[in-house]
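For reference, the structure discussed in these notes is given below.
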There are 2 protein chains.
Amino acid sequence: MRMPSEGDGPISGAGTLLGILRDGQARTRAELVQLTGLARSTLAQRLDALVSQQWIVPTEEAVSSGGRPAVAFTFNRSARVVLAADLGATHARIAVTDLATAVLAERAAEMPIDRGPEPTLTWLQRTFEEMLTETGHSMAEVCGIGVGLPGPVEHGSGRPVNPPIMPGWDGFPVPEWLGGRLGVPVLADNDVNIMALGEHWAARPEADHLIFVKIGTGIGCGIISDRRLHRGAQGAAGDIGHIRVASALDTVCRCGNAGCLEAVAGGAAMAARLRAQGVEAADSRDVVRLVRGGNTQAVQLIRQAGREIGDVLASIVNFFNPSVIVIGGDLSEAGEQVLAGLREVIYSRSLPLATQHLTITASELGDRAGVIGAAVMVVDHVLSPGTVDRSVAPD
Amino acid sequence: MRMPSEGDGPISGAGTLLGILRDGQARTRAELVQLTGLARSTLAQRLDALVSQQWIVPTEEAVSSGGRPAVAFTFNRSARVVLAADLGATHARIAVTDLATAVLAERAAEMPIDRGPEPTLTWLQRTFEEMLTETGHSMAEVCGIGVGLPGPVEHGSGRPVNPPIMPGWDGFPVPEWLGGRLGVPVLADNDVNIMALGEHWAARPEADHLIFVKIGTGIGCGIISDRRLHRGAQGAAGDIGHIRVASALDTVCRCGNAGCLEAVAGGAAMAARLRAQGVEAADSRDVVRLVRGGNTQAVQLIRQAGREIGDVLASIVNFFNPSVIVIGGDLSEAGEQVLAGLREVIYSRSLPLATQHLTITASELGDRAGVIGAAVMVVDHVLSPGTVDRSVAPD
């Protein structure tokens, strides 16, 4: 049962209005009265406040049922810009987007996360400032910053929690540090969570239940349940890289346990196996390069990895019954070589009812899933009723 | 972002009012204006309608901040009664409850579901009528009927979908058949889903993410994600009995696959294993009886089953990060004998962050989880804004 939240009182309504108008469709006062249930006088007050802050624009006329043309209102996707960053283990991607998450400028760079928080975030701050200037915008037009990090992040505070591959970052106040220097609200989350958000928003908006599996150096997934991010009780949901698989029982994982999926099917593990066979491979991108070049050992390894990941996902399909599984991360660029084994195992092991309409596909956003998702996270937050209402409510 | 639903307009509000008052706390007009955001005049209209239909009662006075005492309104849990049934493979439990799901009358009976839908539902109809009479109520006071069934049920239509142990029930229109004869709305769902609803409502209302595992003849689970039932894309979520476990690879399951959890750890499988060892055991209840009597073979089997189930749940804990796992069903009555192995494996295999605040416990409602959950399903539906508004809106 839906219970009204504190922000649901008669004072609010601007955020709800933006939520309705966000789809880009122009709507008249009469339509908005019907959709929101607000009184005409209250609606007029809200619309005036949103127009004065340029969140929406009145258009000259709209299709009307007769008589004089009605004024319609449209969401102004250029009202503000968003700064988005996807920081990985070794490389980073940064973007400036509009409020509909269209990319206005983009950069990719080598930036090892193990340099620690201050060097990384100082570089990020400078990069954001440069890119804003390039696109002709100022910090005053930025409505928020979204940052994805390659480790567990506490929801609410945006602080990393014992991140295994991020030395020096444990508990570091990323939002306060960056927000304090740039004067803009900052949200941080785990990279796989924002990838799931981005892919859902941009490529699979019709899916109620989606799982985004990132196969890179490690393996993790972001979960969309009932169209919302499922973070779990401690924000730890989606950590499937440490699920035990039979074939890995004699392999010790970097987490300390033996038999983890990541220890046989992750990019770091595969590169190590190739090196043990005398093939030069430093990381997951080298593995993909070898697979694309037709290296037999790499092809065999990645097909087997697909089956191992498929084995874990087959259980998850029975438990969770998603409508879409999206495969992303560096190794997904090996395409069908990894998807084939994964599909084979899921379709043979999961229940027919759970797989009959299941889509298993490579990420459409690819490298961009993280930055688009970081922007979606910011826009969702900025356009939520509470946030907008505080900023536009007339005194 | 929360979008207003169609029922959110100024005409509605009765359902929201009941949603607020359902907790049993008395509230004044001033409090209700604040909580709902409704105009005073609209609120008055809604309250009058609800009082005239006895959904709420005005109380003489309430604590006021000074001046004359204010009238307060309280939800009337006795306004209607609910009929609830939990139909299992071989036995059934039936209850009459009030709107706060307190049990007014209850019956347990042997009733094999494989007799088919018409004999079972005819018996259920007669039992409901008898129990209503016993409790001094009439069908006119029944606001709805909730039925749990031991198989997959299509959400919305309430029809069983290829249920493996329910011959003759595939696609049978349970709600229409029973509702047509009793003149009352009927909702049907899978038994494990309603058990999860019941346990969450009655015993674990504070848990955001809960998994209810039923270990009976088969094994399945109900999932509460973000305080709501997660059914999955085809309503197939929670079917963990057919997840593959290493120890069962040489065992063919009733589903046709080899290696299913249910084929080693379900009650039917354990009873068969005991019979193969010369121990008399027909079903899961016999297994529990033997365990309680100290039969060594049965105790060994059930401890091993606990570890097998724990192995599957360890993966689910990494994926889903629940705050509570509740163990129910016949075999849960073996208590610590099954919980010990299950906890052992989950705590050793799942990630520390996901288990640090995880509760693993036996069902508090026990045998009653299903009927309480069926009643919760009905009350949730009846008190939802759309439903109440249609029935109490003045013309």
**OP:** Would you mind reporting whether A:S315 and B:V312 have side-chain heavy atoms less than 4.5 Å apart?
**Re:**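 Side chain of B:V312 against side chain of A:S315, heavy atoms only: no contact under 4.5 Å found.
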
**OP:** Could you tell me which non-hydrogen atom of B:C260 sits nearest to which non-hydrogen atom of A:R349, and how far apart they are?
**Re:**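 Here B:C260 and A:R349 meet closest at SG-NH2, 4.3 Å.
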
Subject >> Leading residue by heavy atom contact count with chain B [cutoff under 4.5 Å; candidates A:V161, A:N162, A:I211, A:N257] >> reply: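 Result: the option with the highest number of such pairs is A:N257.
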
Original post:
What residues form a side chain to side chain contact (heavy atoms under 4.5 Å, CB included) with B:D208, not counting sequence neighbours?
Top reply: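 With neighbours one apart ignored, the set is B:R227.
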
Original post:
By number, which residues in residues 229-239 of chain B have some heavy atom less than 4.5 Å away from chain A?
Top reply: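 Interface residues of residues 229-239 of chain B: B:H230, B:R231, B:G232, B:A233, B:Q234, B:G235, B:A236, B:A237, B:G238, B:D239.
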
Original post:
Does the side-chain contact (heavy atoms from CB on, under 4.5 Å) test come out yes or no for A:R244 and B:D311, once each step is laid out?
Top reply: CA-CA 9 Å; A:R244 183 163 63 166; B:D311 199 48; 2.7 Å; yes

Measure distances from [X] to the heavy atoms of chain B and classify the residue's part below 4.5 Å as side chain, backbone, both or neither.
X: A:S348; result: backbone
X: A:L358; result: neither
X: A:P352; result: neither
X: A:L353; result: both

**OP:** Give, for atom CZ of A:F319 and atom CD1 of B:I240, the distance between the pair rounded to the nearest 0.5 Å.
**Re:**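 These two atoms lie 7.5 Å from each other.
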
Original post:
Nearest 0.5 Å, what's the CG-CG distance between B:L261 and A:N318?
Top reply: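 These two atoms lie 10.5 Å from each other.
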
Original post:
So, A:S225 versus B:S225: side-chain donor-acceptor pair below 3.5 Å or not?
Top reply: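 Present: a donor and an acceptor within the cut-off.
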
